[in-house]
Amino acid sequence: MMRWVGFVCAACCAGGAFAAADGLPGPLPKGVTPGVYRDDADYLLRKFRSDVTDPTTGRTYVKLSNDVVRLAADWEKTEDWKVVKARLFAYCLDNMSIDVSDHDWFPASTSWSRYGRVMNKMLWARADRIDADSAAMREIREGNRRGDWNCWHDFDHSVPDWDVVIPLGFTGMRSRLLKHTRDTPFYRGLEIAADAILRGIGRYEELARRKLAAGQYAPAKRERMEKEIASLHRLRTDVPRTAYDVMQFIFIYWVFCEQYDNFQVRSLSNIDRILTPYYDADIAAGRTTEKEFREQFKHFLWQWGSIDNYWGQPVYMGGTRADGSTEYNHLSKIILDVADEEALPTPKFQLKIADNTPAWLLEKTLDMARRHRSLVFCGEKGMKLVCKAYAPDATDDDLRQMIVAGCYEFGFRDGYNGTGIGHVNALKPIEYMLRDVRDGALPEPRDFPAFKQEYLKRLEAVSVRCRELACEGERHLAEINPADMFSLATEYAVRTGKDAFAEGGCRRGNGSTILQTGIGTSVDALLAVKELVYENGMGLKELSEIMARNWEGQDALRTRMLRSKRKWGNNDPEANALCGEIAKTMSKAINGHPNLKGGTFSLSGHCAKQFIDLGRKTGATPDGRKAGDEMSKNLSPAMGADTEGVTALIATLGTLDARDFPADFPLDVMLHPSSVAGEKGLKVLETIIKTYFDNNGCAIHFNIVDVEELKDAQAHPEKYENLQIRVCGWNVRWNDLPRREQDEYIRRAECIMR
């Protein structure tokens, strides 16, 4: 197992923001020499944390980024932007510096930073120009500033139909395009991009051949390099033939699409199902061995294990075959073995779970979860229920073959192209109501039902407005950043001649997601208003004054409200009913409404990192939360609120209707290691996930932590280089969390000890 010790990226993982102004991490640590690597492990760790390419082969990141800005300004004077974007993409692949190292089964290119991608500066400047005259974007930015919502242009949730494009290969994608091509900017752009992809692969192959002929590869690595050259040659001239070819195809697609075309690839495929027939054929023909495959797959994982992507890189496993049997198999075991050995925060593995899931798979993965591996368990039953509710024409095969992507999202396989366009702050209306009472703008509601109805009215209004503005904000996505690689990979886009991000470019994709934030804290705050004002006689204006002073001088009252049992997560009937009303209100405002891309909006139960970011923009609330503190995460309780144990927590989520959250329906569970130790502990975990999935839950993940260990890790970080914590849909190294966030996890861990 490779370890993180000795080289920590300079990124601030709390927000993915880099110290350097150009978006790249700072200089390498002392004692680390550029271009000199101790072994494969050293190279792989540094590959996406520094430039490992040969500068004599092309332009560096900085030069290439500046070139793109200059060329875009020149070319768009005379050419359609679709053609210009494709030419810029081609310029990058033709001129990027590269390397093919004998320390790695996969090639390298100069755009190695997740946040410093070559086209970033140019594309976001273009977005600013397009948005300059948009009243909707001005309103979005103002709402972002206040914390009503957080909205942006999203190019980060596309997934090609790997089942189709892998057998086609890059050459087949190009041939398919030529069958449909017409003389339009869209087709001219895709032809430029398709040809550039093949040239880019050819550059890798040519360099590797040259280095091999010159004796630059270690003798012990020559066979590896010969196999890499052969694989690159097949991808350039033919189709993937081996399991290694498939991994190489996925990796190159990801690099070219994400690092140069500026579209995140939010799943690396149903990896065990995709690789199995190739692997079995390789073994039967003697083309590889299990040992060699394990090494290749380890290197495959480290392409993302090295890169600093705060959100993590998703890949999913398992599923159900047409005959009803499971997709988990002998190769699934090998893949999970390697993932377990490497213990990386990313890629994050999303595991499809159904009644047919074998016992060995549950035992192995639940044990991995106990040891902080980056896993999410995804319920096929709940996902099918939700998708069928919004796509009644979906066939059994459509539902069986649903993909899992992003943090917990799921959808249909044939061109999954969603956008996470905005987050609604469900807690903010309470802050505004109390402010308006204090200022005399809102008469004090006569009773709690009236207060609740005012809140729900305001929540619906802000949800509707966020959806309307997000719709306008997405109007120009394809104009800002044409999706060359994703369109090329999407047969429907190629056939219709429409960008995959534009209206009609995907057969069933192009959905837009609005994510709720703080729903649990909103329940807690509303119940606190009921208790303090409508049951105990405090004036609403007095409460609003206490909130305005951020609980100053009210320590005893604040402690009382923090310790109240009337909170979301404890299976309190009143809290459950209230959360259901909030969910129905947001569902009505968002779900099923059309967007401008030929799809519809859907509400998400998860909130990514906005429980922290929007929390910073939200004032004090009556549940005991101070101004700027984080809110509840996903559909889970606020930190420390769920004091009645995991059984009550699961029962709480079971009262919600998963169909109100068609984008995803996740549950976060924190447990003490002693409660899930040994064989009995595995049965406890199995019972938890099966109970949740029986209630149509769609995703569940675990933080299994000892509060004393977390405190010791905070005091002695050098002892815990590999300790991971589950933040939302992804894992983060404990040492990369800011102290304030660490404190929140410690606080919740203290509560589960009670």
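Quick note: residue numbers are just sequence positions, from 1. All values below come from the heavy atoms of this structure, side chains included, with hydrogens, waters and symmetry mates left out.
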Original post:
Are the side chain of W568 and the backbone of L635 linked by a donor-acceptor contact shorter than 3.5 Å?
Top reply: yes

Original post:
More than 12 heavy atoms of other residues, nucleotides or ligands under 6.0 Å from CZ of R446: is that the case?
Top reply: no

Subject >> Sidechain N-carboxylate O distance under 4.0 Å for K452, E581 >> reply: yes

Original post:
Any donor and acceptor pair, going by atom type alone, linking the side chain of N695 with main-chain N or O of G697 inside 3.5 Å?
Top reply: no

Subject >> side-chain hydrogen bond (donor to acceptor under 3.5 Å, both in side chains) evaluation trace for E474 with T419 >> reply: CA-CA 9 Å; E474 290 193 314; T419 51; 2.3 Å; yes

Original post:
Do the charged groups of R566 and E535 touch, with an N to O distance under 4.0 Å?
Top reply: yes

**OP:** Taking all heavy atoms of S632 and all of A638, pick out the closest pair and write down the distance.
**Re:** CB-N, 3.6 Å

Original post:
Do N144 and W149 come within less than 4.5 Å of each other through their side chains, counting heavy atoms only?
Top reply: yes

Original post:
Can you tell me how far the CG atom of N591 sits from the CD1 atom of I514, to the nearest 0.5 Å?
Top reply: 10.5 Å

**OP:** Compute the centroid of each ring, for H701 and then for W730, and state whether the two points are separated by less than 6.0 Å.
**Re:** no

Subject >> Test item: Y316 and C378 side chains (from C-beta on) under 4.5 Å apart, heavy atoms >> reply: no

Original post:
Can you tell me if CD on E552 sees more than 12 non-hydrogen neighbours from other groups inside 6.0 Å?
Top reply: no

**OP:** Determine the interplanar angle of the H606 and Y408 rings, folded into 0 to 90°, and report it as parallel if under 30°, tilted if 30 to 60°, perpendicular if over 60°.
**Re:** perpendicular

Original post:
With sequence neighbours left out, what residues match K711 under side-chain hydrogen bond (donor to acceptor under 3.5 Å, both in side chains)?
Top reply: E750

Original post:
Between K584 and D660, does at least one N-O distance fall below 4.0 Å, as a salt bridge requires?
Top reply: yes

Original post:
Around R659, counting heavy atoms of other residues, nucleotides and ligands shown, do more than 12 lie under 6.0 Å from its CZ?
Top reply: no

Original post:
Out of curiosity, I582 CD1 to I519 CD1, how far, rounded to the nearest 0.5 Å?
Top reply: 5.5 Å

Original post:
Does the side chain of N481 come under 3.5 Å of the side chain of N262 through a donor N or O and an acceptor N or O?
Top reply: no

Original post:
Would R739 and D743 count as a salt bridge (Lys or Arg N to Asp or Glu O under 4.0 Å) if you check the C-alpha gap in whole Å, the side-chain angles of each, and the deciding distance to 0.1 Å?
Top reply: CA-CA 6 Å; R739 176 68 179 241; D743 288 342; 3.4 Å; yes

Original post:
Taking the six-membered ring of F693 as reference, does the NZ or CZ atom of K381 fall below 6.0 Å from its centre and within a 45° cone about the axis?
Top reply: no

**OP:** For the pair M119 and R126, evaluate side chain to side chain contact (heavy atoms under 4.5 Å, CB included) and give the outcome as yes or no after the intermediate values.
**Re:** CA-CA 11 Å; M119 290 205 197; R126 177 173 175 80; over 6 Å; no

Original post:
Could you go step by step and tell me if E531 and R560 meet the salt bridge (Lys or Arg N to Asp or Glu O under 4.0 Å) rule?
Top reply: CA-CA 11 Å; E531 178 179 340; R560 172 185 150 195; 3.2 Å; yes

Subject >> Minimum-distance pair of heavy atoms, taken over all atoms of A620 and N550 >> reply: CB-OD1, 3.4 Å

**OP:** Using a strict cut-off of less than 4.0 Å between a Lys/Arg side-chain nitrogen and an Asp/Glu carboxylate oxygen, indicate whether R458 and E454 qualify as a salt bridge.
**Re:** yes

**OP:** Flag the pair E460 and K457 as a salt bridge only when some basic side-chain nitrogen lies within less than 4.0 angstrom of an acidic carboxylate oxygen.
**Re:** no

**OP:** Start with the C-alpha distance between L723 and N735, add both sets of side-chain angles, then the distance that settles side chain to side chain contact (heavy atoms under 4.5 Å, CB included), and finish with yes or no.
**Re:** CA-CA 8 Å; L723 177 62; N735 289 348; over 6 Å; no

Original post:
Is there side-chain contact between C698 and D664, with heavy atoms separated by less than 4.5 Å?
Top reply: no

Original post:
Going by the angle between their ring planes, with limits at 30° and 60°, are F501 and F155 parallel, tilted or perpendicular?
Top reply: parallel

Subject >> Side-chain donor or acceptor of S158 paired with backbone N/O of Q264 under 3.5 Å >> reply: yes

Subject >> Flag, side chain of Q742 to backbone of W734, donor-acceptor distance under 3.5 Å >> reply: yes

Original post:
When rounded to the nearest 0.5 angstrom, what distance separates CG in L385 from CG in N696?
Top reply: 4.5 Å

Original post:
Are any non-hydrogen side-chain atoms of E139 and R465 less than 4.5 angstrom apart?
Top reply: yes

Original post:
Are a donor atom and an acceptor atom from the side chains of Y310 and D736 found within less than 3.5 Å of each other?
Top reply: no

Subject >> Contact check, side chains of V424 and Q516, non-hydrogen atoms, under 4.5 Å >> reply: no

**OP:** Flag the pair L710 / R748 as yes when at least one side-chain heavy-atom distance between them is below 4.5 Å, and no otherwise.
**Re:** no

Subject >> Within-4.5 Å side-chain heavy-atom neighbours: E741 and V732 >> reply: no

**OP:** Give the minimum heavy-atom separation between P666 and G605, together with the two atoms involved.
**Re:** CD-C, 3.8 Å

Original post:
In terms of side-chain geometry, is the basic nitrogen of E444 or K541 positioned less than 4.0 Å from the acidic oxygen of its partner?
Top reply: no

Original post:
How about R146 and N425: do any of their side-chain heavy atoms sit closer than 4.5 Å?
Top reply: no

Original post:
Does NZ belonging to K588 count more than 12 external heavy atoms closer than 6.0 Å?
Top reply: no

Original post:
In terms of side-chain geometry, is the basic nitrogen of K617 or D613 positioned less than 4.0 Å from the acidic oxygen of its partner?
Top reply: no

**OP:** Look only at the side chain of K348 and the backbone of N731, and say whether a donor-acceptor pair between them is shorter than 3.5 Å.
**Re:** no

Subject >> Donor-acceptor side-chain pairing of N417 and N510 below 3.5 angstrom >> reply: yes

Original post:
Can you check salt bridge (Lys or Arg N to Asp or Glu O under 4.0 Å) on R740 and D629, steps first, answer last?
Top reply: CA-CA 9 Å; R740 185 174 180 177; D629 284 354; 3.2 Å; yes

**OP:** Would you check if the side chain of K567 reaches a backbone N or O of M561 as a donor-acceptor pair within less than 3.5 Å?
**Re:** yes

Original post:
Could you state the interatomic distance from CD (Q350) to OG (S267), rounded to the nearest 0.5 Å?
Top reply: 6.5 Å

Original post:
For the atom pair CE (M639) and CE (M670), what is the distance rounded to the nearest 0.5 Å?
Top reply: 5.5 Å

**OP:** Just say parallel, tilted or perpendicular for the rings of F448 and F451, cut-offs at 30° and 60°.
**Re:** parallel

Original post:
Do N634 and S636 meet the criterion of a side-chain donor-acceptor pair at a distance under 3.5 Å?
Top reply: no

Original post:
If you round to the nearest 0.5 Å, how far is NZ of K633 from CD of E744?
Top reply: 10.5 Å

Original post:
Would you find a donor on one side and an acceptor on the other, under 3.5 Å apart, between the side chain of E431 and the backbone of T618?
Top reply: no

